[in-house]
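Remarks on the structure that follows.
One-based numbering, in listed order, for ligands and for the atoms of each.
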Amino acid sequence: RITEFITVGELAQKLDAKPQDLIVKLMGMGVMATMNQRLERDQIELLVAEYEEMEIHWLDTAAGEDIEVPGEDEGGEQASRSPVVTVMGHVDHGKTTLLDYLRETKVTEGEAGGITQHIGAYQVETRRGTITFLDTPGHEAFTAMRARGARVTDIVVVVVAADDKVMPQTVEAIDHAKASNCPIIIAINKIDLPAADPMGVKQALMQHNVLVEDFGGEVQAVEISAKQGTNFDALLEAISLQAEILELTAVSEGRARATVVEARKDLGRGAVFTALVTRGTLRMGDPFVVGPVDGRVRAMLDEFDQPVEEAGPSRPVVILGASDVPQAGDQMDVVVSDSEAKDIARKRQAVQREQMLHAPKKKTSLEGLFE
Ligand code: GDP
Ligand code: MG
């Protein structure tokens, strides 16, 4: 179980061989190497091929596979968790209006004078439980996360303006959701407009294999006005219903794992990032590694900028204490000590450096993902 670009010394240890033996073998391959030389994938494969009883399992550092979380194999006890929802749709069909309305009316309900901060995700309380909304601009964060195997979204709400048609980004949103096996809920928006034609939208969706309940399908469609807040309770109800069908669970005890939703450098506070807990419970003071960055949870805040002592699955929190700014889609893992965090971070940085040197940089596109 190794990552690419490990050193000759590290590989020797894994193979239970003498580094000198590897150095000699490399020499035979025309490679002059030292103990600390980092090896490329094909060099590692050639070397390991010489050890018949050995087989390579490549670890994905981005997915945190190089970190052993104790108890993870046993799985731990599964507890139910709230759904994580992403809102997608064509430009100007009302995503921002919908998310803003929810944040302003639903999040602050019951929180006296609470003002929500933009942290990239927030939770909404409904009669049937909590719903976590990812509130990241555009589809980029979603694409970035998917490209890196991070799957945090359980349900995709596709917003379609009733006075418009099914547009390219509507189709893209549907494709995204289908590719990641997320159930879709259609929010037919702007029904307050005289030109609104919800029936036309539902028909158009059929051509993209989205069959709504009215037409005998299984996809829920809710007619809303994001501007006026019409039918938001029905939309939340639809999400809760879908979530119940999914029977979402996660291990809520033990060391936390989370996915970065948003990150930035704050002038006063340094690296600040929002993470969505996917496993275990995150606590103040936890040492962690997030992508190639190490840190320790120095402060944890909710969407009201209020301190949070601990956060379990599906809970988004703002975290202070990373030594550098991570990237959206990075996995955060709590480890046992600061030194372990530093150690893993340093190894990942080395791997990244080598990867940058060896691989041509490719841009992530949806097309690329499907290929
Ligand atoms: P986004 O690009 O999908 O984020 O769309 P926005 O939320 O920015 O909305 C685009 C435009 O549509 C804005 O001018 C909104 O005020 C307007 N809009 C959004 N929802 C509604 C609605 O339910 N009714 C009406 N009449 N206008 C809406
Ligand atoms: Mg917008």
Side-chain angles (χ1 to χ4, degrees), residues 84-109 115-124 126 131-146 152-153 155-178 180 182 184-205 208 210 212 214 219-239 261-264 274 276 303 316 328-329 365-366:
V84 179
V85 178
T86 302
V87 176
M88 300 211 268
H90 197 70
V91 63
D92 282 346
H93 280 197
K95 299 177 294 292
T96 304
T97 311
L98 190 161
L99 285 163
D100 285 352
Y101 185 91
L102 274 176
R103 184 173 342 102
E104 277 153 32
T105 60
K106 301 291 176 183
V107 178
T108 46
E109 258 174 22
I115 299 166
T116 50
Q117 307 285 321
H118 177 88
I119 68 167
Y122 56 80
Q123 290 193 314
V124 168
T126 77
I131 301 171
T132 304
F133 282 89
L134 284 186
D135 184 9
T136 47
H139 298 183
E140 290 91 38
F142 192 88
T143 313
M145 284 184 212
R146 237 175 63 65
V152 286
T153 302
I155 297 166
V156 172
V157 170
V158 179
V159 181
V160 192
D163 67 331
D164 202 352
K165 305 187 288 278
V166 167
M167 297 295 278
Q169 283 169 285
T170 317
V171 178
E172 189 187 289
I174 292 167
D175 289 344
H176 255 315
K178 285 190 171 164
S180 48
C182 282
I184 296 170
I185 292 171
I186 304 290
I188 301 177
N189 190 29
K190 309 198 188 185
I191 54 158
D192 57 296
L193 292 176
D197 176 19
M199 222 29 176
V201 170
K202 291 179 190 177
Q203 268 159 1
L205 285 167
H208 299 279
V210 176
V212 301
D214 281 3
V219 178
Q220 299 186 83
V222 187
E223 296 173 22
I224 62 162
S225 165
K227 204 166 195 169
Q228 301 179 346
T230 315
N231 267 340
F232 268 59
D233 286 335
L235 178 61
L236 295 176
E237 186 82 16
I239 294 169
V261 172
E262 239 182 51
R264 68 198 154 81
T274 302
L276 192 68
E303 55 262 58
S365 70
L366 185 60

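- Below 4.0 Å from some heavy atom of H90 lie the following atoms of ligand 1, by number and element: 3 (O).
- Residues D164 and K190 have side chains not in contact (no heavy-atom distance under 4.5 Å, counting atoms from C-beta outward).
- Within the 3.5 Å criterion, the main-chain N or O of E223 finds a donor-acceptor partner in the side chain of N231.
- Between F232 and L98 the shortest heavy-atom distance is CE2-O, 3.8 Å.
- Minimum interatomic distance between A221 and V212 (heavy atoms only, all atoms of both residues): CB-CG1, 3.9 Å.
- Residue contacts with ligand 1, taken as heavy atom pairs separated by less than 4.0 Å, involve H93 solely via the backbone atoms N, CA, C and O.
- Evaluated for a side chain to side chain contact (heavy atoms under 4.5 Å, CB included) with P198, the options V160, I186, I191 yield exactly one hit, I191.
- Contact check for D192 versus T230: no side-chain heavy atoms found under the 4.5 Å cut-off.
- Just one residue in the list Q169, K95, K165 forms a side-chain hydrogen bond (donor to acceptor under 3.5 Å, both in side chains) with H90, and that residue is Q169.
- Within the listing of ligand 1, atoms 1 (P), 2 (O), 3 (O), 4 (O), 5 (O), 7 (O) sit less than 4.0 angstrom from a heavy atom of K95.
- Looking at every heavy atom in both residues, I131 comes nearest to F133 through CG2-CE1, 3.6 Å.
- When non-hydrogen atoms are compared, ligand 1 lies under 4.0 Å from the backbone of D92 as well as from its side chain.
- Here D192 has side-chain heavy atoms under 4.0 Å from ligand 1, and that is the only part of it that gets that close.
- Counting protein heavy atoms only, atom 17 (C) of ligand 1 is closest to K190 NZ, 3.9 Å.
- Ranking protein heavy atoms by distance to atom 27 (N) of ligand 1, first place goes to K227 CD, 3.6 Å.
- Side chain of N189 to backbone of H93: a donor-acceptor contact under 3.5 angstrom is found.
- When each atom of ligand 1 is checked for a heavy atom of V91 under 4.0 Å away, the hits are 2 (O).
- Among protein heavy atoms, atom 5 (O) of ligand 1 sits closest to G94 N, 3.1 Å.
- The protein heavy atom nearest to atom 23 (O) of ligand 1 is A226 N, 2.9 Å.
- E303 places no side-chain N or O within 3.5 Å of a backbone atom of Y122 that could act as its donor or acceptor partner.
- There is a protein heavy atom less than 4.0 angstrom from atom 19 (C) of ligand 1.
- Within a 4.0 Å radius of atom 14 (O) of ligand 1, the protein contributes no heavy atom.
- Salt-bridge annotation for D135 and R103: present, with a side-chain N of the basic residue lying under 4.0 Å from a carboxylate O of the acidic one.
- The nearest heavy-atom contact from the protein to atom 4 (O) of ligand 1 is T96 OG1, 2.7 Å.
- Under a 4.0 angstrom heavy-atom cut-off, Q228 registers as lying outside contact with ligand 1.
- Because the distance cut-off is set at 2.8 Å, T97 fails to qualify as a neighbour of the Mg ion (ligand 2), as none of its N, O or S atoms comes that close.
- With respect to atom 6 (P) of ligand 1, the closest heavy atom belonging to the protein is T97 OG1, 3.5 Å.
- Contacts between L193 and ligand 1 below 4.0 angstrom, taking non-hydrogen atoms only, involve the side chain exclusively.
- Inclusion of I224 in the set of residues having an N or O under 3.5 Å from an N or O of ligand 1 is not warranted.
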